[in-house]
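Okay, structure first, notes after.
Just the heavy atoms: all of them, side chains too, but no hydrogens, waters or symmetry mates, feed the values below. In listed order, ligands and their atoms are each counted from 1. Counting from 1, the numbers follow the sequence of the chain as shown.
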Amino acid sequence: ERLQDVGLIEVPEWVPFLAARTNCGHLDEYEYVIVSRNVVTPDGISHAAVQIKDGLIAAVKAINGDASRANLTHAAFLLTGLTKILDYGDLVVSPGLIDTHVHMNQPGRSYWEGMETATNAAAAGGITTVIDMPLNSDPTTTTVELLQKKISATRGEIRVDVGMWGGLVADNAGDHSVLQGMLDAGALGFKSFMVPSGIDDFPYVNETHIKAALPFLKSAGVPYYVHAELKPSDDSPGECSGDEANPRMHASWLASRPPSMENNAIKLLISALKADKTEAKPGFRIHIAHLADAGSMADIQAAKKKGLPISVETCPHYLNFASEDVPEGATQYKCAPPLRPQANQEKLWQFVTDGRIDSVATDHSPSPEEMKHLEEGDFSKAWGGISGLQYGLPGTWNGLKKRGAGPELLTKLWSSFPAELAGLQAKKGALKAGLDADIVVWDPEALADTSIESLQHRHKLSPYTGLPLHGRVAATFVRGHQVFSASAKKPVSPNVCGKPVLKHQL
Ligand SMILES: NC(=O)NC(NC(N)=O)C(=O)[O-]
Ligand SMILES: [Zn+2]
Ligand SMILES: [Zn+2]
């Protein structure tokens with residue numbers, strides 16, 4: 001009888017037969033309905049029933065007529081004939097978030113974070129797919145063999161789906177067979193640094209390397225993710241003076257990484273793009289990681305206007321914290337590029353709300369607390385990286401809400417654009433029939449739980465702790481598996497419901 005049921009549902013041919021018949025997570029059912037008055041569909045927000053079967057979205061059915069709060073369950077039953085109905089009332093039901101910039105640090109540095117704790121945090125934060133950076137695992141992910149090590153490391157660990165970026169470094173930039181090998185093994189695209197990364201086996205690339213790699217990346221039709229900061233030129237201010245020489249002040253760290261470092265790197269990337277005449281296949285773009293300097297937006301915007309394939313992300317920490325407000329010695333706020341002044345932050349918000357910034361990602365880059373040197377509070381010694389994976393949704397929504405934007409913008413920034421960036425759009429990033437049932441249910445009016453008790457990260461030092469941010473996650477579903485439910489006794493399901501997301505399986 002079940003086999004016949006499967007035949008009734010129209011799903012694309014690539015969907016494996018009986019994909020998710022065994023269930024994982026908090027729910028026993030493999031076929032059920034999620035209903036709410038605020039479902040974010042590609043056509044806007046509506047009263048709708050999302051029908052889920054075998055891990056996929058079988059249908060999204062609009063509820064016409066009486067969709068009063070009390071009638072939702074009944075309306076969903078009439079529309080679908082199913083009796084397992086999760087009625088979320090007025091909560092927002094939207095595509096799960098895709099965090100394209102995460103350092104999980106496994107294999108090799110699981111004591112910095114690890115896949116289990118990272119994906120637990122993702123589940124609690126409404127993130128259904130994490131794309132892992134090729135560093136700070138040890139070894140880094142710069143060859144086929146090393147990528148395979150990382151794919152193997154997911155086994156028995158991951159609570160949400162996990163994709164991987166390959167590392168494009170000085171050694172392999174010109175070796176297209178190595179790069180192609182990583183794509184064949186499942187990498188979704190490549191990541192480079194243009195400054196020292198803090199990890200010895202992840203050397204940064206220069207203009208020559210970038211020019212050597214571009215023809216390959218363009219013809220392969222894969223994204224090139226870049227940490228865009230260039231070392232200051234000889235005539236830049238360099239050493240800081242006066243108060244700023246105090247290494248316990250964030251201002252000292254800020255002064256050592258001026259906006260010109262970002263701007264020079266971005267200019268170099270744009271000129272390399274202009275110079276390269278290889279035809280770009282769809283899927284190729286340069287994606288500027290973690291833009292902190294709002295002043296660089298003019299160059300990015302001009303390049304976009306010329307039709308160059310370039311996009312840009314920022315991170316919740318640049319949107320929520322400003323340099324002036326960082327307490328003395330509070331190295332949990334240290335990241336690169338650094339948090340910039342308040343005036344810059346407001347401009348970033350403007351670019352997020354007007355659509356000029358394409359995506360938001362956490363750049364979760366945690367380390368053991370000792371590496372933050374909190375007792376000395378020395379910004380020059382502390383590991384650069386902010387721990388914020390669990391707070392991507394509230395860290396973005398809180399400011400969107402304040403500025404009058406709706407959940408559709410959150411979905412664009414965190415689900416639909418990231419899916420397209422990583423080439424996942426045939427499977428993820430929207431609530432529509434045939435896609436994976438990756439869903440987050442959240443309360444836009446309630447404050448997120450930012451207590452240490454509910455924090456899933458391995459290390460609990462995070463600048464978000466205790467911050468009042470709107471956007472409380474109620475439930476998270478990965479391919480139909482309910483991996484998080486705020487109302488469950490143990491909200492994060494202990495089951496390993498995630499799968500690696502590999503390019504050849506898309
Ligand atoms: N090695 C890192 O994790 N670096 C990261 N560190 C930050 N952002 O401070 C990054 O993405 O640049
Ligand atoms: Zn970076
Ligand atoms: Zn990063």
Side-chain angles (χ1 to χ4, degrees), residues 99-106 108-114 118 130-142 150 163-169 189-205 223-231 250 253-254 256-257 261-262 265-266 269 286-293 296 312-321 323 326 330-340 359-368 371-373 379-389 392 395 418 421-422 457-459 461-463:
D99 192 341
T100 60
H101 193 154
V102 178
H103 302 266
M104 296 203 288
N105 309 333
Q106 188 175 345
R109 288 197 185 88
S110 302
Y111 56 102
W112 289 23
E113 180 61 276
V130 159
I131 308 185
D132 193 48
M133 283 297 171
L135 70 166
N136 317 317
S137 52
D138 181 16
T140 57
T141 315
T142 53
K150 186 174 276 187
M164 286 126 200
W165 302 118
L168 200 155
V169 291
F190 293 94
K191 164 72 180 292
S192 285
F193 268 68
M194 293 171 77
V195 278
S197 69
I199 298 288
D200 291 342
D201 67 337
F202 202 88
Y204 64 96
V205 295
Y224 187 34
Y225 218 122
V226 188
H227 179 128
E229 280 186 297
L230 269 188
K231 277 202 251 182
H250 186 270
W253 171 238
L254 175 66
S256 74
R257 315 272 295 208
M261 285 180 67
E262 288 188 71
I266 287 166
L269 289 167
I286 287 185
H287 190 60
I288 307 292
H290 49 46
L291 183 80
D293 169 38
S296 290
V312 55
E313 94 187 355
T314 192
C315 308
H317 40 269
Y318 300 117
L319 298 168
N320 285 285
F321 309 117
S323 181
V326 175
T331 52
Q332 65 269 39
Y333 293 87
K334 179 180 175 181
C335 59
L339 303 175
R340 299 205 181 280
S359 63
V360 182
T362 61
D363 187 15
H364 179 62
S365 183
S367 68
M371 290 177 64
K372 282 294 199 178
H373 295 278
F379 278 93
S380 68
K381 290 185 187 157
W383 172 256
I386 285 199
S387 178
L389 180 56
L421 172 67
H457 305 162
R458 167 147 301 164
H459 302 289
L461 183 65
S462 166

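Evaluation of the side chain to side chain contact (heavy atoms under 4.5 Å, CB included) rule for P368 yields Y111, W112, E370, M371, H459 as partners, not counting sequence neighbours. Evaluation of the side chain to side chain contact (heavy atoms under 4.5 Å, CB included) rule for S296 yields E262, N263, I266, L291, D293 as partners, not counting sequence neighbours.
Between the side chains of T141 and K150, at least one donor-acceptor pair of N or O atoms lies under 3.5 Å. Under the 3.5 Å distance criterion, with hydrogens and angles disregarded, no donor-acceptor pair is assigned to the side chains of Y225 and S192.
Among all heavy-atom pairs drawn from W383 and P366, the shortest one is NE1-O, 4.1 Å.
Not one N or O on the side chain of S462 forms a donor-acceptor pair closer than 3.5 Å with the backbone of G388. Put simply, the side chain of H103 never gets that close to the backbone of S365: no donor and acceptor are under 3.5 Å apart.
Closer than 4.0 angstrom to ligand 1 by heavy atom are H101, H103, L135, N136, F193, S197, H227, H290, C335, A336, D363, S365, W383, G384, G385, sorted by chain and number.
Relative ring orientation between Y333 and F321 is described as perpendicular, the plane-to-plane angle rising above 60° on a 0-90° scale split at 30° and 60°.
Around the Zn ion (ligand 3), the protein N, O or S atoms closer than 2.8 Å are H101 NE2, H103 NE2, D363 OD1, listed by chain and residue number.
Cation-pi contact between K334 and W253: present, with separation from the ring centre below 6.0 Å and deviation from the ring axis of at most 45°.
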